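First comes the structure, then the notes that go with it.
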Amino acid sequence: MKTVLITGAGGNLGAACALHFAAKGWQVLAFVSPGKIPSTTLAHVRYVEADLLDEQNTSAVIEKLTGEFPVIDMAILTVGGFEAGGIDKADRAALRRMYALNFETAYHVARPLFTRMNQQVGGGRIVFIGARPALDASAGKGLVAYGLSKSLLFKLADYLNAGSDKVRSQVVVFNALDTPQNRKSMPKADRSTWVTPEAVAARLEIVVGENRNDAVIEVA
Ligand SMILES: NC(=O)c1ccc[n+]([C@@H]2O[C@H](COP(=O)([O-])OP(=O)(O)OC[C@H]3O[C@@H](n4cnc5c(N)ncnc54)[C@H](OP(=O)(O)O)[C@@H]3O)[C@@H](O)[C@H]2O)c1
């Protein structure tokens, strides 16, 4: 049985990925915020509490899992958040909030995992969740703090790929997720380009199943 570590497993995308990969026979290490372990249990899903903004806590939690799960084949790092605003709104505080939530939470997991995957037979795969505004300046100009913070994930994946031929790092990109929160906050939006969290999860499994190495996985 292969093992996948999924962060943000209490959120829209993370929960969908946890369900999907567990249903496909993976052992899922489902990372949630401290105090957020669900009362329900799911076969093949182990919930794990960690504050991913805290580097030491995150490393310690991953280290503790090593004994029981000596091989982690894949990680899907979904924790992240959104703030709208162009350059006028992107002050230092906004930049720091977005950097912490979108970059540090991924970095704190990817760093120890990369080292570990690089040493294990068969290597591993790390999937980051990017965003179009980080790639497309016309979309990013109104989302400066968000776009800048997500852009670092693409560069991090490049660095990791340059540093290993055993660990493959990839970034997923989509327009918007079809979630209750987005439906509520954007009631009049054209939802034709939205994608469900379940569809993203299914696409990720296909990419893994085909052992695809695309640096950027475009879902919608
Ligand atoms: N939603 C969209 O339309 C959209 C579009 C493009 C990209 N994305 C990206 O897709 C990803 C997933 O989005 P989503 O809608 O699934 O997000 P979400 O529902 O808000 O889920 C994010 C999860 O991260 C957890 N989290 C936040 N801070 C944490 C911390 N310090 N330690 C541990 N866990 C923490 C949250 O847990 P708690 O709330 O329990 O703390 C939550 O379960 C994000 O990276 C987002 O930027 C989303």
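Start at 1 and go down the list; that is how both ligands and their atoms are numbered. Since the model is a prediction, treat every value here as computed from it, not as a measurement. Nothing fancy with the numbering, it's 1 onward along the sequence. FYI, side chains are in, hydrogens and waters are out, and symmetry mates aren't considered; it's all heavy atoms of this structure.
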To which protein heavy atom is [atom] closest, and what is the distance rounded to 0.1 Å?
atom                    : value
atom 22 (C) of ligand 1 : G80 O, 4.2 Å
atom 40 (O) of ligand 1 : K36 NZ, 2.7 Å
atom 32 (N) of ligand 1 : L52 N, 3.0 Å
atom 15 (O) of ligand 1 : N12 ND2, 3.2 Å

Within a radius of less than 6.0 Å around OH of Y107, do more than 12 heavy atoms belonging to other residues, nucleotides or ligands occur?
-> no
For atom CZ of F69, is the number of surrounding heavy atoms from other residues, nucleotides or ligands below 6.0 Å larger than 12?
->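 Yes, because the 6.0 Å sphere around CZ of F69 holds more than 12 heavy atoms from other groups.
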[X], any N or O under 3.5 Å of ligand 1 N or O:
X    : answer
L177 : yes
F174 : no
P34  : no
G14  : no
N175 : no
N182 : yes

Contact atoms of ligand 1, heavy-atom distance to L53 under 4.0 Å = 31 (N)
Element-labelled atoms of ligand 1 that are located less than 4.0 Å from some non-hydrogen atom of L13 |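 Close to L13: 12 (C), 16 (O).
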Is there a donor-acceptor contact under 3.5 Å from the side chain of [X] to the main chain of [Y]?
X    : Y    : value
N161 : A157 : yes
K150 : I129 : yes
E104 : L53  : no
S164 : L160 : no

What part of A50, side chain, backbone, both or neither, has a heavy atom within less than 4.0 angstrom of ligand 1?
-> backbone
Can you tell which part of Y146 has a heavy atom less than 4.0 Å from ligand 1: side chain, backbone, both or neither?
-> side chain
Exactly one candidate in L65, V71, L29 meets side-chain contact (heavy atoms from CB on, under 4.5 Å) with T3; the answer is L29
Regarding [atom]: of the candidates [options], which has the closest heavy atom?
atom                    : options               : value
atom 28 (N) of ligand 1 : T58, T179, L101       : L101
atom 42 (C) of ligand 1 : A131, A106, G11       : G11
atom 27 (C) of ligand 1 : L77, V79, D51, V173   : V79
atom 37 (O) of ligand 1 : S185, S33, G8, P133   : S33
atom 44 (C) of ligand 1 : D54, T78, I129        : T78
atom 45 (O) of ligand 1 : Q181, E104, K150, M98 : K150

Indicate if [X] and [Y] have the same hydrophobic cluster label, given that clusters are the connected sets of ILVMFWY residues with side-chain heavy-atom separations under 4.5 angstrom.
X    : Y    : value
I76  : V207 : yes
L52  : L152 : yes
V48  : I126 : yes
M74  : V200 : yes
L153 : L95  : no

